[in-house]
Every structure is written in C-alpha cells, then in structure tokens.
2 protein chains.
Amino acid sequence: MHLFWEHGYEATSLAMLREAMGLTPPQIYNAFTDKETLFRKALTRYHQTEIGFALDALSAPVPTREAIRRLLLGAAEAYSRPGKPGGCLFVSGALATSPQAQAIADELKAYRKASEAAIAGRLAKGKAVGDLPENLSVEGFAKYLAGVMNGMSIQARDGASVEELRVLAQTALAALPAEGQNQVASSKERSHAGSLPRG
Amino acid sequence: MHLFWEHGYEATSLAMLREAMGLTPPQIYNAFTDKETLFRKALTRYHQTEIGFALDALSAPVPTREAIRRLLLGAAEAYSRPGKPGGCLFVSGALATSPQAQAIADELKAYRKASEAAIAGRLAKGKAVGDLPENLSVEGFAKYLAGVMNGMSIQARDGASVEELRVLAQTALAALPAEGQNQVASSKERSHAGSLPRG
DNA sequence: ATTTATTCATAGCGATCGATACGAAACCCG
DNA sequence: CGGGTTTCGTATCGATCGCTATGAATAAAT
C-alpha cells in the first residue's frame, strides 16, 4: 500500500513489491491474483485504515461548519503523517496513466467522486437543518471542498508540514458562509448567489 | 506536449510520440536528444503557450483581490480548454513516478513551488500597499491559493466544466479577506490571526 | 523406508520499454 | 553516367515489465 501510495500504480513494479513484502513472485500471484487485484486490495485497506477521519467528520452529530472543519483538519493530518507517503492515495495512485491502466484511473476517479458526493450529502443535510443559507449551491460548494482536499494532497506531496496544511484548511474554511439568518439578511447586495459573499 | 499532458511523463511511450509526430525514432532522437529532453521542451512550451494567464494576472496593475480573481478564473479556463487535456501539466505530468524518474518529478515540483512563490510575491506587494490586512500570513495564503489551483487541476481532470471550475474559483475567493481598514477593525474577536475571519 | 503428493523458488516466458546500429536510397559533384 | 557522401527508415539492441512453467525440496502416506 505504501509503495502504491508513494509511486502510483504503474510506477510500482512487482520487483519493488516483491522486495517490500519478502515474497517470491508465485507467492504474490497466489495470494493476490495479479497486480491490479493487489492494487485494489491496497485501495480498500487504505480506505479502511487511513481515511476514516472523513466518514467520522461527515457523520458526527455536530453543526455543519464543525463537520467541515473536522474534515479539512483531518485531511491535513492524514496527508502528512510521519512515516507515510505524503498526500492521498486516491489522488497520487493513478492521476495520469497509460491507456492500459485506464480502468485503474477510472476507479480512483470514482473514489474521488464518491468523496465529493459524501461531502455534498452532508452539506445538503446542513442546508436542511438551517446550518447553511438557502441560496448556497451544495454541489458547487462540495466541489470546492473536494478540490481543496485534492489540492492539500498535492501540497502535502510537495512537502507541506502538518501545520502548513492546517493553516491551508483553516483558510479554506473562511469561504464557508456564516450560519443561518444573518446570511439571508443582506442577500440583495450579493450578485453571485452566495458564491462571492464579499465580492 | 498534449500526450505528456494527458498521460504524464512515464506513461507516454515513444511509440505514442512517434505516431503523434509522424517521425521515425532516429528523427526524434536527432531532434530532441532523448525522452527527458523532449519532455522538458514540452514543459517550456506549455509554460509559454498555456499558462500565460498566471503571469498576466499577477503582474496586472489592478488591486490584489482583482489580481487573485483573474488568477483563479484564468486557471478555470486554462484547465478545461476544449480539445486540450484537463488540468495542469505541472500537476499531471509526474505526480507519482518510479525512482528512475525522480528528477522529472522534482522539476515539476519546482515549477509548482515557483508558482506558489509568484503568488506569495504578489500578496506581499498587496500587503505593502494596504490591499491586505497586516496580520495575514502571505506564505500561508499563497499556499492556500496554490493548493486551490492544484485542486482545480484535479477537478478538471475528473471532468469538471469551465462553469464548475469558475464557481470553485469564486468560492475560493470568498476566503480572501476584505480590503484595508475594515479588516483590522475587528481583529480582537478573531483568535486565529486572520485565517478564520468568521470562525 | 519408500513412494506419492504438494509446496515453492529459480529461471525464463512474451511483450514492451527507451535508444541505436546498419543497410538502402537519395543527393551532390565530377 | 558514375563515385562518394550523406540522409534516413528498418530492424533490433539490452533492460525491464507483468507473469508463469518447471524442477528441486519438503511433507504426507502407505
């Protein structure tokens, strides 16, 4: 998992996996069928062990803003854990691939889309309970938050520290509209329907 | 350039380049020395022809907020041009590589760092002329903006449209503190030094 | 104890990688 | 028309890719 995380699917050779796992080629293929299956198992393991913070944050019984705060700060930590590759496997695993690995790239894209959809779901819930203004675009804001997390993944891979990622997360949080009625009050002076509250 | 942009450095084979350019292998090596040199030439060409919007935005004689707005909206267009690969070559070109291509990955990382430094430079200038509050961290905010652009690159690669990227850019702009003195006024009620104006 | 069955590491499979040696065609000059 | 030079495409180089056949070594069974 660490090798795929660090080097991506295609750039991780079976020789590297063999040495890291201390297994012979037939043992690997007996246990994991082939390289693609092994990668998919690494994906599910990554999903279970490394990014539980996301589901925790989105399902916690807290106000929407606090949930998003936990999501972004959780990402700051998860993307810069000492002893682990920087960034997110779902981003680094197969961003640009050869045509032969298109299926892998599509699968990772599906993971990213699912994350964005989960965020959108939480935002919709927040909108329903009045945590977010009526005129806010749930899909647009989810795409912003997912984009920020993807960007944090790149920054982490470029060596950003936990503190730097936390500052980034907090800065991103500033784009979140304030709660409830004090937001709807001055809706007339805004021309872009909530996407530029202070334009 | 398009092939490297779409598939990245390592996943783009000479066979693909050969077919795309209509050249025989010796012609390619006679013209570009080797694959790595060819990629570097593609990088400089990309820098010259595809992302001039960035330098334009950062060097335009406009207020800081407008400069940042042009930067992000320019990225929204540049990352989703019809007929061109989605995202930014500096991000997609070599995010996760094999150890053999580490030099390429480092070079792209340097490009990204340079972009962030250019943003920081513009922010520092904006702070000097009073466009930005005194307590704003130039480096931190530059890292946020660079991160947002990197995230937009991922979103573009995942199929986001120009409009969606524009909304993302405008949302990100909402994190930019308002201008001048009305920002320093309520500095006491903020605990995180400008990174969470509305926390 | 001897034979059978099964595990397992070495060695190598075909394909493809980036890069190049070599022979044929074309061109220029006499 | 012929000789010398240069250009250029084919065919192939060694290395590595993901993957597997095969023979040795071990375990199980009679």
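Per chain, numbering begins at 1; letters A, B, ... match sequence-line order. These figures come from a predicted structure and were not determined experimentally.
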Looking at the rings of B/Phe90 and B/Tyr46, which for Trp means the six-membered one, are their centres under 6.0 Å apart? yes
Min and max contacting nt of DNA chain D in 5' to 3' order, chain A heavy atoms within under 4.0 angstrom, are D/dC17 to D/dA21
How about CD on B/Glu19, more than 12 heavy atoms from neighbouring residues, nucleotides or ligands closer than 6.0 Å, or not? no
Are B/Lys127 and B/Glu134 within salt-bridge range, i.e. N to O under 4.0 Å? no
Salt-bridge present (B/Glu50, B/Arg45; N to O < 4.0 Å): no
Carboxylate-amine/guanidinium proximity below 4.0 Å for B/Arg70 and B/Glu66: yes
Looking at B/Lys143 and B/Glu139, is there a salt bridge between them, counting it only when a charged N and a carboxylate O are closer than 4.0 Å? no
What string of B, S and - do you get for nucleotides 8-17 of chain C, 5' to 3', if B is base contact, S is sugar-phosphate-only contact and - is no contact with any protein heavy atom under 4.0 Å? -BB------S
Look at all strands and tell whether B/Asn30 reaches a base, only sugar-phosphate, or nothing, counting heavy atoms closer than 4.0 Å. nothing
Taking every non-hydrogen atom, the tightest pair across A/Ala160 and A/Leu165: CB-CD2, 3.9 Å
In whole angstrom, what separates B/Tyr29's OH from C/dA19's P? 4 Å
Scan residues 3-12 of chain B for pairs that pass side-chain hydrogen bond (donor to acceptor under 3.5 Å, both in side chains), counting only residues two or more places apart or in two chains. B/Glu10-B/Ser98
